[in-house]
Amino acid sequence: MTPTESQAPNPEQPRAVTAVAPILEARHLRKLFPVHGWNPFARQRAVHAVEDTSLALTAGKAVALVGESGSGKTTVARMLARLYAPTSGEILYAGQPVRSGRAALRAYRRNVQMVFQDPFSSLNPTHDVRYHLTRPLRIHGHATSDAEATTQALALLNRVSLTPAEQFLRKFPHQLSGGQRQRVAIARALAAQPRVLLADEPVSMLDVSIRLDILNLLLRLKDEDRLAVLYITHDIASARYFADETLVMYAGQTVEGGPSDAVIEQPKHPYTQLLIDAAPDPDRTGALKPLSARGEIPSLIAPPTGCRFHPRCPHAMPVCRERFPGRTDLGGGRWTNCFLYGEGEPATGGS
Ligand SMILES: Nc1ncnc2c1ncn2[C@@H]1O[C@H](COP(=O)(O)OP(=O)(O)OP(=O)(O)O)[C@@H](O)[C@H]1O
Ligand code: SF4
Ligand SMILES: [Mg+2]
């Protein structure tokens with residue numbers, strides 16, 4: 001592969017959601033962040049950041065988690081990375097509940113790595129590239145000597161197309177462009193030799209001209225290492241390009257999911273339809289409808305009752321204010337939580 005990635009997904013190959021056993025699975029995750037007010041006698045309030053979210057990641061497949069700012073995407077990723085403890089719900093790795101304790105956490109972190117949105121703050125400005133790559137190699141036991149660590153660091157730089165690798169090894173973050181820093185951050189995640197990569201908006205802070213290169217790099221690494229990838233984005237068009245499966249999240253609740261092409265070509269949930277209407281599309285004949293034209297995402301301290309989308313939904317019915325719809329199976333790996341498609345399976349927890 002050349003330094004400018006040019007390998008796009010093959011449009012001839014239909015992508016489907018498969019029933020292979022997941023490597024990482026989240027079941028009914030919920031996260032409340034307590035709000036500490038000035039009055040110790042007042043009722044404890046909380047940000048209801050994530051309610052009843054389930055997802056599964058399998059080897060060699062990418063799942064996109066899409067939603068507006070504040071919808072809870074990063075909170076889900078941080079729970080999966082075990083940077084936040086879920087308020088309730090369960091995380092299974094290779095079919096087993098994740099264990100607590102230092103050794104278990106280290107083993108988990110070796111297998112489940114995260115790439116953050118901001119390549120400027122995710123690297124330590126006082127250390128060179130060699131340090132960023134050799135440290136995880138040593139910590140996770142993949143290199144036992146300096147020479148071995150350097151050889152592997154050079155190989156990692158080649159894998160992320162930072163060549164000549166010898167020249168990049170001694171550079172500091174401030175000597176790199178945004179795209180080069182994100183490649184170093186990706187190489188650092190790979191140094192652990194993970195099976196799962198959680199990529200939280202990995203291109204949104206990069207120059208538009210290099211976003212596709214970084215997405216194609218991640219796709220190539222996913223295929224080469226059979227990584228299970230969670231790709232977080234607010235850009236539904238990039239979800240279709242990148243991911244086999246797309247989940248749509250609104251105000252802390254997942255509202256629709258299924259194979260990316262189907263979800264984006266024929267969105268079922270009114271929020272997904274709104275997101276698609278607001279996405280730039282060169283083939284569109286009518287005007288772009290900005291998301292803000294249909295109201296803002298609600299406060300998650302006192303979220304709307306029932307379906308949290310009801311204040312913005314053109315199809316809202318009285319029942320939508322009363323309770324959150326369960327998940328309705330639409331066939332073909334697709335599902336949605338919306339009373340337009342029935343009551344669905346009863347939801348667990350949540351408001
Ligand atoms: N550590 C925290 N303490 C309190 N509230 C938090 C914390 N982290 C996130 N939140 C709140 O939880 C909600 C979900 O935030 P989150 O960062 O997960 O959203 P997001 O979908 O990743 O948004 P963005 O697209 O802007 O990154 C927001 O209301 C946010 O303010
Ligand atoms: S459940 Fe009701 S308010 Fe929510 S998206 Fe469906 S129709 Fe709209
Ligand atoms: Mg985020």
Side-chain angles (χ1 to χ4, degrees), residues 26 29-37 44-53 55 64-81 83-87 114-118 121-122 198-205 230-236 238-239 247-256 267-276 278 291 294-328 330 335-345 347 350-351:
L29 288 186
R30 185 172 198 230
K31 182 67 183 174
L32 306 184
F33 292 108
V35 177
H36 302 289
Q44 176 77 70
R45 296 188 308 159
V47 178
H48 296 241
V50 173
E51 295 284 3
D52 196 13
T53 289
L55 58 86
L65 189 57
V66 185
E68 277 170 277
S69 185
S71 56
K73 307 179 298 294
T74 294
T75 305
V76 169
R78 286 181 162 261
M79 285 192 279
L80 291 176
L83 297 172
Y84 291 157
T87 304
M114 198 160 168
V115 174
F116 298 91
Q117 180 174 15
D118 183 0
S121 62
S122 69
L198 308 170
D200 187 0
E201 307 225 31
V203 298
S204 65
M205 293 190 72
L230 180 69
Y231 170 59
I232 290 178
T233 181
H234 54 263
D235 173 14
I236 198 157
S238 77
L247 307 183
V248 181
M249 196 161 185
Y250 181 75
Q253 295 170 328
T254 44
V255 295
E256 177 162 8
K268 300 295 184 192
H269 194 281
Y271 177 62
T272 316
Q273 291 165 359
L274 179 67
L275 270 186
I276 287 167
L291 276 175
R294 286 268 199 85
E296 300 295 329
I297 204 161
S299 157
L300 297 184
I301 294 181
T305 55
C307 170
R308 291 183 179 177
F309 189 57
H310 82 248
R312 296 171 80 180
C313 181
H315 310 286
M317 302 167 271
V319 66
C320 306
R321 292 172 182 78
E322 288 161 16
R323 58 181 193 275
F324 185 65
R327 184 176 283 201
T328 300
L330 301 171
W335 53 266
T336 188
N337 293 69
C338 174
F339 286 119
L340 293 174
Y341 304 91
E343 292 279 328
E345 296 287 317
S351 53

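FYI, side chains are in, hydrogens and waters are out, and symmetry mates aren't considered; it's all heavy atoms of this structure. Ligands are counted one by one from 1 in listed order, and the atoms in each one are counted from 1 as well.
Under the 4.5 Å side-chain criterion, counting only non-hydrogen atoms from C-beta, Lys268 is not in contact with Leu340. Residues Trp335 and Tyr341 have side chains not in contact (no heavy-atom distance under 4.5 Å, counting atoms from C-beta outward). In this structure, the side chains of Arg30 and Pro86 stay at 4.5 Å or more apart for every pair of heavy atoms. Residues Leu29 and Glu51 have side chains not in contact (no heavy-atom distance under 4.5 Å, counting atoms from C-beta outward). Using a 4.5 Å heavy-atom threshold, the side chains of Thr74 and Glu201 count as separate. Put simply, the side chain of Thr254 does not reach to within 4.5 Å of the side chain of Val248, judged on heavy atoms. Side-chain contact between Phe324 and Asn337 is present, with at least one heavy-atom pair separated by less than 4.5 Å. A heavy-atom distance below 4.5 Å is not found between the side chains of Asp200 and Phe116.
Protein heavy atom closest to atom 18 (O) of ligand 1, with residue, atom name and distance, is Thr75 OG1, 2.6 Å. Protein heavy atom closest to atom 12 (O) of ligand 1, with residue, atom name and distance, is Ala49 CB, 3.4 Å. Ser69 OG, 2.5 Å is the protein heavy atom nearest to atom 26 (O) of ligand 1. Closest to atom 27 (O) of ligand 1 among all protein heavy atoms lies Thr74 OG1, 3.9 Å. With respect to atom 28 (C) of ligand 1, the closest heavy atom belonging to the protein is Gly70 O, 4.1 Å. The protein heavy atom nearest to atom 9 (C) of ligand 1 is Phe33 CE1, 3.6 Å. Looking only at heavy atoms of the protein, atom 11 (C) of ligand 1 is closest to Val47 CG1, 3.8 Å. Of the protein's non-hydrogen atoms, Gly72 N, 3.2 Å is the one closest to atom 19 (O) of ligand 1.
Tally of protein N, O or S atoms closer to atom 8 (Fe) of ligand 2 than 2.8 Å: 1.
Across His48, Lys73, Lys31, heavy-atom proximity to atom 21 (O) of ligand 1 is greatest for Lys73.
The backbone N or O of His269 lies less than 3.5 Å from a partner atom in the side chain of Glu256, making a donor-acceptor pair. Tyr250 contributes no side-chain N or O that, together with a main-chain N or O of Thr272, makes up a donor-acceptor pair within less than 3.5 Å. In this structure, the side chain of Lys73 does not engage the main chain of Thr233 through any donor-acceptor pair within 3.5 Å.
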>> Run the side chain to side chain donor-acceptor pair (under 3.5 Å) test on Glu68 and Tyr271 for me, step by step, so that the C-alpha distance in whole Å, both residues' side-chain angles and the decisive distance to 0.1 Å come before the verdict.
In response: CA-CA 10 Å; Glu68 277 170 277; Tyr271 177 62; 2.9 Å; yes

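Counting the atoms of ligand 1 from 1 in the order shown, those under 4.0 Å from a heavy atom of Leu300 are 13 (C), 29 (O). If you number the atoms of ligand 1 from 1 as listed, the ones under 4.0 Å from a heavy atom of Glu68 come out as 21 (O). Using a 4.0 Å cut-off to heavy atoms of Tyr84, the atoms of ligand 1 that qualify are 1 (N), 8 (N).
Using a 4.0 Å cut-off between a side-chain N of Lys or Arg and a carboxylate O of Asp or Glu, Arg323 and Glu343 qualify as a salt bridge.
Counting protein heavy atoms under 4.0 angstrom from atom 31 (O) of ligand 1 gives zero. There is a protein heavy atom closer than 4.0 angstrom to atom 6 (C) of ligand 1.
Look at Glu201 and you'll find a heavy atom under 4.0 Å from some atom of ligand 1.
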